[in-house]
Amino acid sequence: MSHFVLGFQDIDKTKLSVVGGKGANLGELARIEGIHVPDGFCIATAAYKRIIEESPSINGLLDQLSLLKLKDRDRISQLSSEIRGIIEGTMIPQDISDEITQRLLQLGEKDAYAVRSSATAEDLPTASFAGQQDTYLNIVGKDAILKHISRCWASLFTDRAVTYRIQNGFDHRKVHLSVVIQKIVFPDVAGILFTADPVTSNRKVVSIDASFGLGEALVSGLVNADNYKVRNGEILDKKLSTKKLAIYALQDGGTQEQTIEPERQSQQALTDEQILSLTRMGRRIEEHFGYPQDIEWCVADGTIYIVQSRPITTLYPIPDVNDGQNHVYVSVGHQQMMTDAMKPLGLSFFLLITYAPMFKAGGRLFVDVAYNLASPDSREMIINVLGQSDPLIKDALMTIVERGDFIKSVPDEEKGQRPSKGNKVVLPEVFRGKFECNPAIVADLIQSNQASIEQLKQTIRTKAGTDLFEFILEDMEELKKVLTNPQGLGVIMAAVDASAWINEKMNMWLGEKNAADTLSQSVPNNITSEMGLELLDVADVIRPYPEVIAYLQQVKEEDFLDQLVKLDGGQVTRDAIEAYLNKYGMRCTGEIDITKTRWSEKPATLVPMILSNIKNFAPNASKQKFEQGRQEALQKEHELLERLRYLPDGEQKVKETKQMIDLIRTFIGYREYPKYGMINRYFVYKQALLKEAEQLVQAGIIREKADIYYLTFEELREVVRTRTVDDQVISKRQDEYKGYEKLTPPRVMTSDGEILTGRYKRENLPTGAIAGLAVSAGVIEGRARVILSMTDADLAEGDILVTSFTDPSWTPLFVSIKGLVTEVGGLMTHGAVIAREYGLPAVVGVENATKLIKDGQRIRVNGTEGYVETLS
């Protein structure tokens with residue numbers, strides 16, 4: 001077999017490193033029965049490597065290129081241009097040229113060919129690299145083909161290809177290029193077939209784009225195309241475009257643009273028979289490769305040819321259930337205000353504490369609500385409960401139900417026995433009931449939880465090895481009891497119901513919207529809002545010591561607390577920060593993932609927030625802010641009750657309203673406590689597991705403690721028991737996690753893979769306003785600070801925070817801002833609760849807020865009506 005040239009018949013998926021992704025896929029396609037692939041061959045990556053090796057000056061340029069970041073655009077362009085010039089100017093060695101010439105003579109030297117780049121990091125399931133290197137069409141003659149081979153090699157260093165590699169973390173030296181030489185088919189019609197709908201991600205729907213002439217013109221956006229949708233062998237939809245232009249290949253080389261005669265412009269490019277035949281081919285190719293495909297095809301003289309197939313890398317993974325049943329998956333991350341990918345240990349811990357039917361996909365968790373949607377008894381309840389956390393989820397679920405074809409309504413009496421926890425979501429609604437407005441209830445709940453955690457801390461110190469894992473599993477049962485405590489959930493539901501009652505009745509009786517928002521300010525027992533205020537107290541301790549402040553402004557090392565004691569005021573500063581960490585140090589961004597770094601593990605995370613508080617606030621600000629909120633709530637209560645007295649049945653209305661206000665102010669603060677208790681326990685578990693990890697490192701079983709994050713709880717227990725681990729599993733999981741980090745999880749998707757985004761049904765919005773959900777009343781204007789990570793937060797007092805989502809760890813930032821906009825969230829999610837507590841106008845669930853709103857832009861947030869306006 002030739003060293004540098006391989007025919008398609010000599011290639012399969014094992015030759016990826018030799019012929020690149022495109023070449024390997026073409027070799028595989030040529031092996032599928034009934035699939036016509038135009039003949040051709042690949043020039044192996046060894047030829048490209050030889051060109052690079054024989055051009056010593058390229059190595060220095062590659063060294064310089066490897067140091068650049070995305071921001072270095074001019075330098076990227078300059079270095080890339082120099083490398084391309086060297087490659088194109090290098091003569092192809094004679095022995096390689098001879099092999100290419102010999103293969104061309106066998107296939108037909110005078111025929112027209114496509115010369116395509118095929119990189120080793122291309123057309124992979126995790127990164128397509130589509131369009132990053134160059135393709136040349138209708139190239140005729142040996143000399144022209146050799147010249148375009150050099151151009152293809154050089155195209156590995158176009159600005160876009162280099163930038164894409166930097167973006168995706170690929171080493172420039174480790175990506176090599178093969179070149180595909182493939183006979184040109186002169187098509188009447190060409191296009192693209194997706195075996196999963198690229199718009200909805202539905203794996204059951206095939207989408208075909210088709211136009212007259214060459215497919216490359218369609219891919220480049222130069223011509224219009226028809227679109228056909230097919231499901232289960234039936235054409236669902238046809239959208240016929242006006243196809244005024246087509247680009248055709250010329251027999252002697254090159255291409256030509258032609259105007260389509262008027263009578264053909266609106267004709268269907270493919271017949272129905274061709275659409276269905278092409279669909280069957282697409283499904284066969286998908287089955288061969290094992291995942292959805294993006295397929296380029298063409299029709300010439302009535303024959304359908306497949307010229308390329310690559311994986312669709314933009315699809316969000318579906319939970320691996322495959323039981324033949326229809327499922328509706330709702331994102332847990334959107335409920336928990338943490339849509340980032342989770343590591344395997346974090347996923348497994350969350351699964352161990354839930355009663356709901358949850359599934360993993362793309363490094364996230366999803367709960368299956370299909371059973372609840374099918375039951376008339378629970379359908380409305382689950383839609384409304386999930387709608388409170390995110391109205392876009394509610395709209396998406398209603399869309400599925402209203403279709404009537406995916407989830408069939410089945411009366412409960414036909415379902416036989418009561419469902420197990422495996423297929424039904426247990427809703428907090430079942431804990432709804434009447435509660436006496438007694439502050440002692442919340443105090444007892446908190447005291448019981450704290451006592452349980454203290455007992456856990458004492459006992460876990462005595463556990464090690466597999467005994468530790470058994471003990472954690474036992475304690476998780478205690479954690480589940482805390483999270484599903486009927487009295488605790490009942491308290492929360494009582495407050496939620498009281499808030500809804502107040503908002504409904506005050507709007508009906510007094511024309512006042514969202515009155516409960518003001519009444520919720522500065523309530524007792526809100527552990528999350530207290531966390532933000534208490535960091536202001538830490539700032540007060542440090543404020544008198546300029547030497548400490550100067551030191552903190554340049555802190556980078558994590559041992560800064562030890563260094564503080566050398567400074568005037570350092571000891572009291574350290575004591576204040578450590579006291580804060582003792583109470584809140586288990587918190588962090590994305591805290592539902594046990595593997596995330598906690599504040600106690602990286603105390604420097606708090607330093608920018610402390611310095612911001614010193615800069616932006618006067619002494620005693622925490623007490624003043626709390627008291628101001630409390631007075632505003634009391635004033636609103638007094639105002640509402642006074643206005644009600646003058647209405648018909650005024651005294652009765654006053655009595656009922658006062659009862660509801662008391663419920664809100666007594667119980668709403670507890671809404672934040674169960675999660676605080678859960679995260680407390682998580683940190684205790686984590687510290688114990690990291691001690692085990694340290695022993696594994698010392699024994700040489702794992703490389704570093706963080707390796708355990710890429711194992712599930714059960715896998716880690718086995719590693720501790722057997723003292724052995726499969727390094728390849730950890731390495732594979734690390735790579736998978738990097739891929740998952742780049743994905744954006746959907747709010748709702750079906751077992752068909754269809755993603756439903758949901759829409760706000762809103763009328764009379766101001767022109768240009770961005771719709772969201774009103775969660776904290778008031779209207780405020782200010783500077784937008786678009787912040788994607790807490791570590792990047794540089795807020796001035798009066799800024800409006802715009803971010804993807806907030807969890808409790810963001811609360812210390814809330815003391816500085818005067819408004820909040822998030823992409824994810826609902827009425828009872830953490831950001832909304834704390835915004836009301838602090839009296840901040842807030843709009844959540846604003847799709848693409850961090851892209852539509854620019855950092856530094858002046859905006860208006862209407863937290864009463866639920867929209868955001870850009871003012872500059």
Side-chain angles (χ1 to χ4, degrees), residues 5-48 103 113-137 149 152 155-156 161 164 168 170 175-185 190-196 198 203 206-209 215-216 218-219 278-298 304-315 739:
V5 176
L6 293 87
F8 290 167
Q9 68 277 6
D10 303 321
I11 296 168
D12 61 20
K13 61 187 176 184
T14 65
K15 299 289 194 300
L16 175 67
S17 63
V18 178
V19 297
K22 193 180 283 113
N25 285 355
L26 280 168
E28 288 287 330
L29 282 169
R31 294 166 179 266
I32 304 173
E33 186 178 350
I35 301 298
H36 299 283
V37 178
D39 206 357
F41 59 92
C42 292
I43 301 165
T45 53
Y48 165 80
R103 189 61 64 128
Y113 291 86
V115 182
R116 303 175 185 269
S117 307
S118 178
T120 52
E122 179 177 70
D123 292 354
L124 306 177
T126 55
S128 76
F129 279 73
Q132 298 307 314
Q133 285 75 234
D134 286 348
T135 288
Y136 302 97
L137 300 176
I149 289 169
C152 275
S155 75
L156 194 59
Y164 190 88
N168 287 274
F170 283 86
V175 178
H176 304 126
L177 203 71
S178 166
V179 178
V180 177
I181 312 295
Q182 187 175 26
K183 273 193 176 182
I184 277 281
V185 172
I192 307 166
L193 178 149
F194 297 95
T195 62
R203 270 55 159 194
V206 166
S207 178
I208 300 172
D209 288 341
E216 276 76 4
L218 185 153
V219 173
L278 187 55
T279 297
R280 288 191 291 272
M281 288 184 189
R283 288 296 183 214
R284 206 174 307 149
I285 293 168
E286 179 185 61
E287 183 179 1
H288 178 85
F289 284 106
Y291 31 76
Q293 295 288 299
D294 164 358
I295 300 166
E296 291 183 28
W297 56 268
C298 61
I304 298 176
Y305 293 91
I306 304 298
V307 295
Q308 190 177 146
S309 186
R310 64 171 70 90
I312 306 175
T313 60
T314 55
L315 296 174

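We're numbering straight along the sequence, starting at 1. This structure is a prediction, so every number in the text was calculated from the model and none was measured.
- When each of I32, L193, T195 is checked for a side-chain contact (heavy atoms from CB on, under 4.5 Å) with I285, only I32 meets the rule.
- Between D39 and K183 there is no salt bridge, since none of the side-chain N atoms of the basic residue sits less than 4.0 Å from a carboxylate O of the acidic one.
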Check against side-chain contact (heavy atoms from CB on, under 4.5 Å), C298 and V307: CA-CA 7 Å; C298 61; V307 295; 4.2 Å; yes

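- A pairwise comparison of heavy atoms in S309 and N25 identifies O-ND2, 2.8 Å as the closest pair.
- Legend: residues meeting ring-ring contact (aromatic ring centres under 6.0 Å, His included) with Y136, ordered by chain and number and at least two apart, are H148.
- Atom CD1 of I295 is separated from atom CZ of F194 by 10.0 Å, given to the nearest 0.5 angstrom.
- Residues I184 and P38 have side chains not in contact (no heavy-atom distance under 4.5 Å, counting atoms from C-beta outward).
- Taking every heavy atom of both residues into account, C42 and G23 meet most closely at SG-CA, 3.8 Å.
- With contacts defined as side-chain heavy-atom distances shorter than 4.5 Å, the pair L26/I11 does not qualify.
- Taking NE2 from H288 and CD from Q293, the interatomic distance works out to 9.0 Å, rounded to the nearest 0.5 Å.
- When side chains are defined from C-beta on, L315 does not count as touching Y291, because their heavy atoms never get closer than 4.5 Å.
- Here the shortest heavy-atom pairing between E28 and K13 reads OE2-N, 2.7 Å.
- Closest approach of G34 to M281, counting heavy atoms only: O-CE, 4.3 Å.
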Worked check of side-chain contact (heavy atoms from CB on, under 4.5 Å) between D10 and K15: CA-CA 9 Å; D10 303 321; K15 299 289 194 300; over 6 Å; no

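- Judged by distance alone, with hydrogens and angles left aside, the side-chain atoms of D294 form no donor-acceptor pair with the main-chain N or O of R310 at under 3.5 Å.
- Note on R283 versus E286: salt bridge recorded, some NZ/NE/NH1/NH2 to OD/OE distance being below 4.0 Å.
- Rounded to the nearest 0.5 angstrom, L29 CG and F289 CZ are separated by 4.5 Å.
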Verdict with reasoning, V206 to L278, per side-chain contact (heavy atoms from CB on, under 4.5 Å): CA-CA 10 Å; V206 166; L278 187 55; over 6 Å; no

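- Counting only distance, with no hydrogens or angles, the side chain of S178 and the backbone of I43 share a donor-acceptor pair below 3.5 Å.
- Heavy atoms only, all atoms of each residue included: R31 and Q9 are closest at NH2-O, 3.6 Å.
- To the nearest 0.5 Å, the span separating CG on L137 from CZ on R116 amounts to 6.5 Å.
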side-chain contact (heavy atoms from CB on, under 4.5 Å) evaluation trace for V180 with F8: CA-CA 9 Å; V180 177; F8 290 167; 3.9 Å; yes

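- When all heavy atoms are compared, the tightest approach of L156 to A161 is O-CB, 3.6 Å.
- The main-chain N or O of E296 is never found under 3.5 Å from a side-chain atom of Q308 such that the two would form a donor-acceptor pair.
- With contacts defined as side-chain heavy-atom distances shorter than 4.5 Å, the pair W297/I35 does not qualify.
- Side-chain atoms of T45 and S118, non-hydrogen and from C-beta on, never get closer than 4.5 Å to each other.
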